[in-house]
Protein chains: 2
Amino acid sequence: MKNRPTLADIAEAAGVSLMTVSRVINNKAGVSEDLRQEILGLVTEMGYHPNQIARGLVTSQTTSVGLIVPDNTNPFFAQIARGVEDAAYEHAYSVFLVNTVEDPIRELEALDSLWQKDVDGLIWCSARVSAEELGVQLRRFPAVVLLNRELEVPLSHVMTLNVHDYRGARVAVTHFVGQGRQRIAFLNGPSHSLSAHRRLQGYHAGLTTANLPLDSILEGCCPPDTEGGYEAALALLKRCPDVDAILAFNDLVAVGAMQACQALGRNVPKDIGIIGFDDIPLATIIKPQLTTLHVNLMHIGKIAMRALFDMVEGVTCPAAILIEPELFVRDSA
Amino acid sequence: MKNRPTLADIAEAAGVSLMTVSRVINNKAGVSEDLRQEILGLVTEMGYHPNQIARGLVTSQTTSVGLIVPDNTNPFFAQIARGVEDAAYEHAYSVFLVNTVEDPIRELEALDSLWQKDVDGLIWCSARVSAEELGVQLRRFPAVVLLNRELEVPLSHVMTLNVHDYRGARVAVTHFVGQGRQRIAFLNGPSHSLSAHRRLQGYHAGLTTANLPLDSILEGCCPPDTEGGYEAALALLKRCPDVDAILAFNDLVAVGAMQACQALGRNVPKDIGIIGFDDIPLATIIKPQLTTLHVNLMHIGKIAMRALFDMVEGVTCPAAILIEPELFVRDSA
DNA sequence: AGCCTACTAGTTAGCGCTAACGTAAACTAA
DNA sequence: TTAGTTTACGTTAGCGCTAACTAGTAGGCT
C-alpha cells in the first residue's frame with residue numbers, strides 16, 4: 001500500500017505551515033488566493049485526502065452513521081438501506097450496516113460497536129429492546145432516527161419515523177368490503193412487532209366500520225416471510241373454509257398466502273382476495289400481481305438519513321413523522 | 001449524549017496510570033491479577049468502551065472494512081452483503097456499505113470515501129473500472145477481495161473470488177440437451193460484465209459438445225432484471241419462435257423470460273425450458289419454481305470477509321478462489 | 001508619527017489511544 | 001553477596017488533524 005500523504009507532507013512540499021494547508025482543505029478564510037491555488041494544485045497532484053479518522057478524533061465528527069436493520073436481505077430493509085445510503089452519499093457520509101438477525105443480544109452488540117466507532121448518528125430499524133433499554137441506548141448517541149418504533153417521551157435528539165399502519169390496514173379492509181367480501185382474515189406478523197399491533201387495530205376498525213363482526217378465528221400470526229404466510233394461510237383455510245379475503249402483514253406473507261390458496265385450488269382474486277403491505281418489487285413479479293399498501297421504502301430511507309443529517313447539523317426537525325401508505329390496486333384484490 | 005468515559009477516567013478512578021488500564025483492556029501482560037480484576041470491574045461499572053477512532057489513529061487498524069456493491073437492493077448482492085456482515089461480526093469488524101448504482105464515477109467516489117475512512121480492507125463487487133485504474137485503486141488499500149473480477153497479475157494483498165461461470169453455463173446447456181431440447185437460447189447480461197463473457201463461452205462450449213450449431217440469433221443481451229428479461233424474451237420469441245430452451249444470465253432475467261413465455265401462451269417447462277443463475281430466494285417463490293445454477297451467495301460473502309480478515313492479520317491466503325455453481329433442478333427445466 | 005484595523009500566516013496544545021522505553025522492586029543463581 | 005533476570009508498573013512521544021491563540025505586515029486614518 002502506498003504511504004498516503006498527510007497534511008504535513010503537503011505543507012512541506014508547499015513550504016508553508018500545517019495550518020495553512022488545513023485551512024485550504026477545509027475552505028476556511030485566511031489564505032491568499034494565490035497560495036490557496038498553489039496548495040490546491042499540490043493536493044490533487046499528491047493525491048491527498050484528509051484522514052477522517054484523525055479529523056474525527058479532534059472534531060468528534062466522524063461523518064459516518066450507523067444503520068441497524070434486522071436483516072438486509074429482506075427487501076423491505078434492503079430498500080430502506082438503499083435510500084439511506086443514497087442520501088448519505090449526497091452528504092458525503094458513510095454508512096455502517098449492521099444486521100441484528102432478530103437477535104436482541106446481537107442488537108445490543110451492534111449498538112456497542114457503532115458507539116465505539118463514534119458514529120455521528122444512528123438509524124435504528126425495528127428496535128426490539130425494552131422501553132427502558134431504549135432510553136439508555138438513545139442517550140449514547142448524538143442523534144437517532146427510530147424506524148418502526150415509537151417513543152413515549154419525546155427526546156430532542158431522536159426522531160421517529162413510522163408507517164401509518166392503522167390507517168393502511170383499515171383502508172385495505174374497506175377495499176375488500178367494497179368488493180363485497182365478508183369473511184376477511186388477517187395474517188399478522190410477529191406479536192412483538194409494533195406494526196403488527198397497529199395493523200391489527202386498523203383491521204378491527206375497518207371491520208367495525210363496515211358492521212362486520214370481529215372474529216378471532218380469522219386472525220393468525222406468522223413469521224413475516226413466504227413460508228410463514230404459506231403455512232398460516234393453509235391453517236387458516238382449513239379452519240375457516242369460507243374466507244374470501246386475506247389481509248397479510250406484508251407482501252412476503254401475502255405471496256405465501258397466495259401460493260397456499262392456489263395449492264388448495266382457490267382462485268385469486270375470484271374466490272379469495274389478497275392484499276399485502278409494503279409493495280416490495282416481488283409484488284409486481286408474481287402472478288396475479290399483488291394489490292398492496294404501497295410505501296416508498298427507498299424514500300423513507302432517504303427521509304430518515306436527511307433528518308439525521310439535519311439533527312447532526314443542529315437544524316431542528318420534527319419529533320415524529322408518519323408515512324401514509326397508499327393502496328395500489330393490482331390483480332389480487 | 002452522555003460524556004463517554006476515557007481511559008484517563010478509568011485510570012484516575014483506579015488510581016493507576018493510563019497504560020495499566022490500556023494493558024488490561026487489550027489483554028496484555030504486565031498487570032497483576034488483582035489489579036486487573038479491579039480495573040475490569042471499574043470498566044464495566046463505568047461503561048467504558050475503547051474509542052476505536054483514537055485507537056485506529058495510532059495502530060492504523062480501524063477494525064472496519066468497506067463493501068462496494070452495485071446495488072444492495074439486488075438480492076444477489078443483498079445475500080452477499082449479509083454473508084459479509086455475518087463474518088465481520090464474528091471478528092468484531094464493522095462494514096461500510098456503499099452502492100455504486102452502476103455508475104463508474106460513483107464507484108471512484110466510493111473508493112475515495114472508504115480510503116479516507118482508513119478501512120483495513122475492501123470487498124469490491126463487480127468492479128467496472130479499467131484494468132489500469134483497478135491497479136491504482138488496489139494499491140491504495142491494505143487488503144482487497146475482488147468479487148466478480150479477475151486480475152491479470154496477481155497481487156499479494158488482493159484475492160479474487162469468482163463463480164465458475166463457464167462451467168455453470170455449460171452444465172445448464174447439457175441439462176437442456178439431456179431433455180431433448182435443440183434450440184437453446186441465451187439471454188445474456190450486460191456486455192461489460194465479466195460474468196456475461198464467461199457464461200457465453202460456457203454456453204457455446206455446451207452447444208458445441210452436443211454437436212449443436214452456434215447461432216447468434218439465439219443470443220440476446222439485456223439489463224439483469226425482470227423487465228430486461230421480459231423484453232428480451234419477447235424479442236427472442238418473436239424472431240425465433242422455435243426456441244425450446246432459454247438459459248438466462250441470472251434468476252431475475254429468467255423470471256422475466258418466464259413471464260414473457262406465459263404471456264405468449266408458451267408452457268414452461270413443456271414448450272420452453274428455462275434455467276437461471278444464482279438461485280436467489282425468488283427462484284423458489286415463483287411458479288413454476290425455477291431450475292437454476294445455485295450459488296451459495298451468503299457463503300461467498302462469508303468466505304470473502306474471512307479471507308479479508310486473514311489477509312489483514314497477515315495470514316497468507318489463496319490468490320484466487322473459484323466457486324462451482326450447482327444445478328438445482330426444479331420445475332422450469 | 002501614532003494607532004487602529006484587516007488580512008495572512010505560524011505556533012501551541014490536545015483529541016484518546018498505544019508503542020517503546022524507563023524504572024523500581026522482587027526474585028534468582030552461583 | 002553481587003550481578004542478572006523478571007515482574008509490574010509509569011513516562012514520554014506521537015498517530016493526523018483542528019481550535020484557539022499569537023504574530024507579522026500592509027494599509028488607512030487622524
Side-chain angles (χ1 to χ4, degrees), chain A residues 1-40 42-43 46-64 92 115-120 140 142, chain B residues 1-40 42-43 46-64 92 115-120 140 142:
Chain A
M1 187 177 52
K2 213 166 24 184
N3 253 354
R4 73 193 278 172
T6 70
L7 264 195
D9 295 331
I10 308 283
E12 197 186 3
V16 298
S17 83
L18 262 169
M19 271 315 290
T20 305
V21 184
S22 172
R23 276 188 266 259
V24 171
I25 296 295
N26 294 294
N27 264 315
K28 291 204 176 166
V31 185
S32 68
E33 197 48 35
D34 287 0
L35 188 51
R36 182 181 296 272
Q37 288 308 324
E38 187 191 327
I39 290 176
L40 241 30
L42 276 171
V43 163
M46 300 176 66
Y48 173 80
H49 285 248
N51 183 327
Q52 299 284 2
I53 296 292
R55 181 182 278 173
L57 191 55
V58 38
T59 61
S60 44
Q61 292 244 326
T62 53
T63 61
S64 49
W115 187 56
Q116 290 185 39
K117 288 279 160 38
D118 223 355
V119 291
D120 292 343
R140 302 212 297 172
Chain B
M1 186 178 52
K2 211 165 30 183
N3 253 353
R4 69 193 280 171
T6 71
L7 265 194
D9 296 330
I10 309 284
E12 197 187 2
V16 298
S17 84
L18 263 168
M19 273 313 291
T20 304
V21 183
S22 171
R23 276 188 266 260
V24 171
I25 296 293
N26 295 292
N27 263 315
K28 290 200 176 168
V31 184
S32 67
E33 197 47 37
D34 286 0
L35 188 50
R36 181 180 298 271
Q37 289 308 325
E38 186 190 328
I39 291 176
L40 241 30
L42 277 171
V43 163
M46 300 176 66
Y48 172 80
H49 284 249
N51 181 328
Q52 298 284 359
I53 296 291
R55 180 183 277 174
L57 191 56
V58 35
T59 61
S60 43
Q61 292 243 328
T62 53
T63 60
S64 50
W115 186 56
Q116 290 184 40
K117 288 279 160 41
D118 222 356
V119 292
D120 292 343
R140 302 212 295 173

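Since the model is a prediction, treat every value here as computed from it, not as a measurement. In what follows, chains carry the letters A, B, and so on, assigned in the order in which the sequence lines appear, proteins first and then strands, with residues in each chain numbered from 1.
- Checked against C:dT18, D:dC17, C:dC17, the side chain of B:N26 finds its nearest nucleotide in C:dT18.
- Regarding A:L35, its CG atom lies at a distance of 17 Å from the P atom of C:dC7, rounded to whole Å.
- Look at CG on A:N51: it is 18 Å from P on C:dC15, rounded to the nearest Å.
- In summary, A:D118 and B:R4 engage in a salt bridge, as defined by a charged side-chain N under 4.0 Å from a carboxylate O.
- Shown here for B:S22 and B:L7, the closest heavy-atom pair between the two residues is CB-CD1, 3.9 Å.
- Look at B:R55 and you'll find a side-chain N or O under 4.0 angstrom from OP1 or OP2 of C:dT18.
- Atom NZ in B:K117 sits about 14 Å away from atom P in D:dC17, given to the nearest Å.
- Contact check, A:Y48 against D:dC17: a side-chain N or O comes under 4.0 Å of OP1 or OP2.
- Proximity note for B:V58 (side chain, C-beta onward) versus C:dA9, D:dC15, C:dC15: the nearest is D:dC15.
- Put simply, CD on A:Q52 is 15 Å from C1' on C:dC15, counting in whole angstrom units.
- Closest approach to the B:T59 side chain among C:dA19, D:dC9, D:dG16 is made by C:dA19 (side chain taken as heavy atoms from C-beta onward).
- For B:D9 and C:dG16, the CG to C1' distance is 10 Å, given to the nearest whole Å.
- The nearest whole Å value for the distance from the CD atom in B:Q116 to the P atom in D:dG16 is 15 Å.
- For B:V16 and B:A54, each mapped to the nucleotide of DNA chain D holding its nearest heavy atom, the one lying further toward the 5' end belongs to B:V16.
- Considering only the side chain of B:M19, D:dT11 comes nearest among D:dA20, C:dA9, D:dT11.
- At the heavy-atom level, B:I53 lies nowhere under 4.0 Å from the strands shown.
- For B:K28, a side-chain nitrogen or oxygen approaches OP1 or OP2 of C:dA19 to under 4.0 Å.
- A donor-acceptor contact under 3.5 Å is formed by the side chain of A:R23 with the base of C:dG10.
- For A:T20, counting side-chain heavy atoms from C-beta on, the closest listed nucleotide (D:dC15, C:dG10, D:dT18) is C:dG10.
- In this structure, the CD atom of A:Q61 is 10 Å from the P atom of D:dA19, given to the nearest Å.
- At the heavy-atom level, A:S32 lies under 4.0 Å from the strands shown only through sugar-phosphate atoms.
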